[in-house]
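Here's the structure we're looking at; comments come further down.
Residue numbers start at 1 and run along the sequence shown.
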Amino acid sequence: MVVLRSVRSSGQGILDFECVSANAHAERWLGREERPLVRQRLLEEAPWVGECGLFAACVRVAVRREPEVVRVARDSSVGPVWMLARVSPWEDGVVVFLEDLTERMASEEALRRDHDLLHAVIESATDAIYVKDVDLRYVLINAATARAFHRAPHEILGRTDQELLGLDIAGPTLSHDREVMAAGFTATYEDSEGGPGSDLIWQTTKGVLRRGDGTVYGLFGISRDVTARRRQEQERNEEARYQERFIGVLGHDLGNPLAAVRLSAATLLAQVSLTPEQRRMAQRIDGSAERMSRLVKQLLDFTRARMAGGIPIHPREVCMAKVCRRIISELEPAHPEHQVHLEVVGESLGVWDEERLGQVLSNLVGNALQHSPRGSTVRVRVASGDPLFQRVEVHNVGPPIPDSLRPRLFAPFHKAEPEPGAPKAQRQGLGLGLYIVSQIVTAHGGWVDVASSVESGTCFAVTLPRVVQASPQELPQARRA
C-alpha cells in the first residue's frame, strides 16, 4: 500500500504526487528498492507510472473522489511485472493498494496459448472431432465434422444426429452414444451405418466428459473415415484367397500328368535293352518328376493349411524310432559327404500320422544336411522324458540362423539366403518346408522349438502328445474305414 498527496500547480492542477507512506512491498513493486520512496515525488522516482496509466487513474480518483481499479504493467530485469491497482480517494490525494498479478497473468497467457494451439490442432485435423451435450446435441465441431455432414457449422450446432440425418440413418450412432453415456467409459466403434456420408465406414472413439465433482456433462467423439483402407484390405484378402485357390487347383491338376511321366520313366527303366546313355536320361526324367511330385504335394499341403483349416492327419500306432530310421536311410545316399547319427532314449511308440511325421523328419533332417559343413555329422535324438509326450531333436553344426530370419522362419515361401562365401544350394525349393512342418506339428497338438548359436549349432526340437486324435474333418472317413 502507498499513500500519495497531490502536488498541484498554481492553477490547482495536479502535477505529481508526493509519497506520504509506503510499505516494503509497494516500494519494491514501484521499483524503488535502493532508497525509501517516502517524501519523494511519484513521477520523478517511478516514471513508468505515467506510461502505464496508473498516474492518470490516481489523478481521476483525486479529482472525482471515486475509487477505480486498473491493471497495469511495468518492465523489469526479469520481464513484465503485472499489478492490480485499487485506487481510493484520501484527503488531498489517494491511497493505492497494489496486488502482484505476474504469476496469474503468466498462467492465463500460457492457458491462452494452449487453448489457441489446441484449437488450431483440432481445426487442422482430418478426423471429425466433436462434443455433444447430455441431450446429444452438437455443441462443438471442427471443420472436418462440417465437411462430413456437407453442412455449414451453424446448421449442425445445437442439433442432434436424428435431426440432421433422420432416425433410420442415425439409429446406430444414437445407440452408441447412449451406451457410452450410461456406462461412462470410452469405446471404439466401426461400421458403415449411423454416420454421415454414403457407404462410408467410420471408426469412432467416444467417451464422456466429466466435471470436477464427477458428474457427466457431455460426450466427445473422434471419427475417422477408414473406407479406403478397409476396401484395400478386403481386396488384398480376396486376392490372397484367389491366389491360394489357384495354387491348390494347379497342384491338384499337375498330379495326374506327373504320375504318367513317372510311370513311363519306370517302364523305360525296366527295359534291359537300354543303352547307358538312355538309362541315364530315363533316370533323370524319373528324378525330376519325383522332385516335381514333392513340390506339388507341398503346394497341396499349403492350400489345405491355409484354406481348409489345417493339414488333416490320420493317426495310428507308430514307432517314432522306426520312422526316423526310414527317413535317414532315404536321405543318406543323397548326402555321402555327411553322416547322420540316431540316438533313441526311452519309449518311442505313440499314436500319430506316420506319413506326416515322415514329412516333418524329412524336412528337418534334409535342412540340417543342407546347412551343415562338409564332413560333419547331423544328430537325431528321439527322447521320452515325459510319458505323455514324445520329443525329437535334429541338430547340426554350422553357421547359426540370423536373428533377422527367426520371426519368419516358419512363414510360407520363406527361403534362407546362403551365408556369404557359402556355396549356393543345388536344389532350391518353394520355401514351404518349415511352414508345413509347423502346420503338421500343430495338427498333432504339438510345437516346434528352435535354438541356434555359433557355439552349439542349430537344433530343431519337435514335441508331440503321445496320443493324437484324428482331424475333425477326417472322422467320418475313419468310421467308414
Heavy-atom donor-acceptor pair, [X] side chain to [Y] backbone, under 3.5 Å:
X: Arg159; Y: Glu155; value: yes
X: Ser175; Y: Gly171; value: no
X: Asp449; Y: Ala461; value: no
X: His335; Y: Val340; value: no

Identify the heavy atoms of [X] and [Y] that sit nearest to each other, and give their distance.
X: Pro465; Y: His444; value: CD-O, 3.3 Å
X: Leu209; Y: Phe220; value: CD2-CD2, 3.9 Å
X: Ser452; Y: Pro400; value: OG-CA, 3.2 Å
X: Ala73; Y: Cys52; value: O-CB, 3.5 Å
X: Asp161; Y: Leu174; value: CB-CD2, 4.3 Å
X: Ala187; Y: Val180; value: CB-CG2, 4.3 Å

How many angstroms lie between atom [atom1] of [X] and atom [atom2] of [Y], to the nearest 0.5 angstrom?
X: Arg406; Y: Ile401; atom1: CZ; atom2: CD1; answer: 6.0 Å
X: His341; Y: His395; atom1: NE2; atom2: NE2; answer: 12.5 Å
X: Leu369; Y: Leu331; atom1: CG; atom2: CG; answer: 6.0 Å
X: Cys324; Y: Leu361; atom1: SG; atom2: CG; answer: 4.5 Å
X: Ser372; Y: Glu337; atom1: OG; atom2: CD; answer: 9.5 Å
X: Lys322; Y: Met320; atom1: NZ; atom2: CE; answer: 13.5 Å

Taking NZ, NE, NH1 and NH2 as the nitrogens, is one of them in [X] or [Y] under 4.0 Å from a carboxylate oxygen of the other?
X: Glu354; Y: Arg316; answer: yes
X: Glu99; Y: Arg104; answer: yes
X: Arg137; Y: Glu163; answer: yes

Examine the side chains of Gln359 and Arg356 and answer whether a donor and an acceptor come within less than 3.5 Å of each other. yes
Would you say the side chains of Arg224 and Thr204 form a donor-acceptor pair under 3.5 Å? no
Test applied, side-chain contact (heavy atoms from CB on, under 4.5 Å); reference residue, Tyr138; option that passes from Leu140, Ile141, Leu136: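 Of all the options given, the one that passes is Ile141.
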Carefully, step by step, assess Gln278 and Ser273 under the rule side chain to side chain contact (heavy atoms under 4.5 Å, CB included). CA-CA 9 Å; Gln278 290 172 336; Ser273 60; over 6 Å; no
Candidate pair Arg391 and Glu393, rule salt bridge (charged side-chain N to carboxylate O under 4.0 Å, His left out), full reasoning: CA-CA 7 Å; Arg391 185 176 174 89; Glu393 300 174 358; 2.8 Å; yes
For Glu343 and Val345, run side chain to side chain contact (heavy atoms under 4.5 Å, CB included): C-alpha distance rounded to whole Å, both residues' side-chain angles, the deciding distance at 0.1 Å, then the answer. CA-CA 7 Å; Glu343 178 185 3; Val345 180; 3.6 Å; yes
Decide side chain to side chain contact (heavy atoms under 4.5 Å, CB included) for Arg381 and Val392; before the verdict, give the C-alpha distance in whole Å, the side-chain angles of both, and the deciding distance to 0.1 Å. CA-CA 6 Å; Arg381 186 173 187 268; Val392 181; over 6 Å; no
So, do Val351 and Val318 sit near enough that their side-chain heavy atoms are less than 4.5 Å apart? no
Would Leu101 and Met83 satisfy side chain to side chain contact (heavy atoms under 4.5 Å, CB included), going step by step from the backbone distance to the final call? CA-CA 5 Å; Leu101 296 180; Met83 290 173 287; 5.8 Å; no
Would Tyr130 and Phe149 count as a close aromatic pair, with their ring centres under 6.0 Å? no
Aromatic ring pairing Phe410/Phe460, orientation class (parallel under 30°, perpendicular over 60°, tilted between):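 Aromatic pair Phe410/Phe460 classed perpendicular.
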For the CD atom on Gln271, are there more than 12 heavy atoms of other groups (residues, nucleotides or ligands in this structure) within a distance under 6.0 Å?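 It does: Gln271 CD has more than 12 such atoms within range.
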If you count every heavy atom of other residues, nucleotides or ligands that lies below 6.0 Å from Gln203 atom CD, does the total exceed 12? yes
